[in-house]
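For clarity, every value in this text was computed on a predicted model and none was experimentally measured. A note on names: the letters A, B, ... follow the listed sequences, proteins ahead of strands, and every chain is numbered from 1.
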Amino acid sequence: MTSVRIPADWPTTEEQARAVQDGLRGRVVLDEPGPPPGTGRVTGVDVAYDDERDLVAAAAVVLDAGSLEVVAEATAVGRISFPYVPGLLAFREIPTVLAALDALPCPPGLVVCDGYGLAHPRRFGLASHLGVLTGLPTIGVAKNPFTFTFTTPATPRGSTAPLLAGAEEVGLALRTRDAVKPVFVSVGHRVTLADARAHTLALTPAYRLPETTRRADALCRRALREAGEARDAGDTGA
DNA sequence: GCGACAG
DNA sequence: ATCTTGTCGC
């Protein structure tokens, strides 16, 4: 339903990967309003790893943006194809994420990623990369500030503080719960930062993290566990 | 050179 | 990401 081939020039080395980011960065669209928060569908994607078995599992969970009810979900399992390198997370996660999105029975709508978009050493993080490859509107919601700096937002839910790369504002530290550690929101593709903030708040009625990432996280972990068990049981899949 | 570093 | 028990509190 979101069939996108992995580009033929998918990198093998860190140097190639950085070159790919520099080459695609210009394709990010930052001046579109994106889908109205609270309407349509919102999809969470996440990935889990089993280094021992060289397994990676991705999940995509589609929610109704208004009710936050699960509309559809899909998973994909593969082999780990790229190491974790700060700044190059997309190359580790995107292949399997694309497979999971492709397995969905319906369009994803806005995609919420675990990690960053614009807030990235070369301004082209996972959320931006996934957006450019699929054409879908994307945002990134990360759990920690990575290399960026911020001042503590006020206590109430909804409070923000700029997320800074030096003097450049690359995203927001956003409180999604009163007095609870903030999350870090950045634009991915075809969504404004103000809307990324609104979407994140609409997705956090009860917990610090968006329902999309909570659902996707639980699902990819389960898919990983089941894939590992199947392998241990001698399941060749044939 | 050293340390830090989304997941 | 992942390894991991109990524990304090709403």
Side-chain angles (χ1 to χ4, degrees), chain A residues 14 17-18 20-21 25 28 44-61 75-100 111-132 138-150 155 157 163-166 168-174 176-189 193 196 200 205-210 212-229:
Chain A
E14 296 183 22
R18 283 185 283 268
V20 166
Q21 292 178 330
R25 179 171 44 195
V28 175
V45 293
D46 194 19
V47 183
Y49 301 90
D50 182 338
D51 294 309
E52 287 292 297
R53 299 185 180 81
D54 185 29
L55 283 176
V56 53
V61 180
T75 61
V77 175
R79 295 176 47 157
I80 300 174
S81 58
F82 206 90
Y84 170 67
V85 179
L88 301 180
L89 178 64
F91 300 96
R92 182 168 168 82
E93 308 223 323
I94 281 184
T96 321
V97 167
L98 285 179
V111 178
V112 180
C113 298
D114 235 14
Y116 284 107
L118 220 202
H120 177 272
R122 285 166 295 284
R123 304 296 179 266
F124 195 70
L126 171 64
S128 305
H129 203 145
L130 185 64
V132 165
T138 62
I139 66 173
V141 180
K143 297 181 284 295
N144 74 56
F146 196 16
T147 62
F148 307 107
T149 60
F150 66 102
T155 305
R157 159 179 157 86
L163 186 66
L164 303 171
E168 181 181 356
E169 179 167 356
V170 293
L172 298 171
L174 168 66
T176 53
R177 303 296 296 159
D178 291 353
V180 170
K181 185 198 331 182
V183 297
F184 303 90
V185 179
S186 62
V187 160
H189 183 58
L193 185 56
T200 303
Y207 299 97
R208 179 171 84 113
L209 298 180
T212 39
T213 68
R214 289 169 41 78
R215 290 309 224 307
D217 178 76
L219 183 56
C220 70
R221 290 193 199 212
R222 182 157 60 84
L224 184 67
R225 176 170 48 75
E226 290 174 354
E229 290 171 351

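Side-chain N/O atoms of A:Lys143 include none lying less than 4.0 angstrom from OP1 or OP2 on B:dA6. Taking 4.0 angstrom as the limit, A:Asn144 places none of its side-chain polar atoms (N or O) nearer than this to OP1 or OP2 of B:dC5. Here A:Arg221 reaches the OP1 or OP2 of C:dA1: one of its side-chain N or O atoms lies under 4.0 Å away. Close to B:dA6, at under 4.0 Å from its OP1 or OP2, lies a side-chain N or O of A:Tyr84.
Between A:His129 and A:Phe91, the distance from one ring center to the other falls under 6.0 angstrom. Aromatic ring centres of A:Tyr116 and A:Phe148: separated by under 6.0 Å.
Using bins of under 30°, 30° to 60° and over 60° for the plane-to-plane angle, the ring pair A:Phe150/A:Phe184 lands in the perpendicular bin.
Using a 4.0 Å heavy-atom criterion, one finds that A:Gly140 contacts no nucleic acid atom at all. If you check every strand for non-hydrogen atoms under 4.0 Å, A:Leu88 touches a base. If you check every strand for non-hydrogen atoms under 4.0 Å, A:Asp51 touches nothing. Residue-level contact check: A:Ala48 touches the backbone only, with heavy atoms under 4.0 Å from sugar-phosphate atoms and none from bases.
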Discussion item. At under 4.0 Å between heavy atoms, how does the protein contact nucleotides 5-10 of chain C? Give one character per nucleotide, 5' to 3', with B, S or -.
Written reply: ------

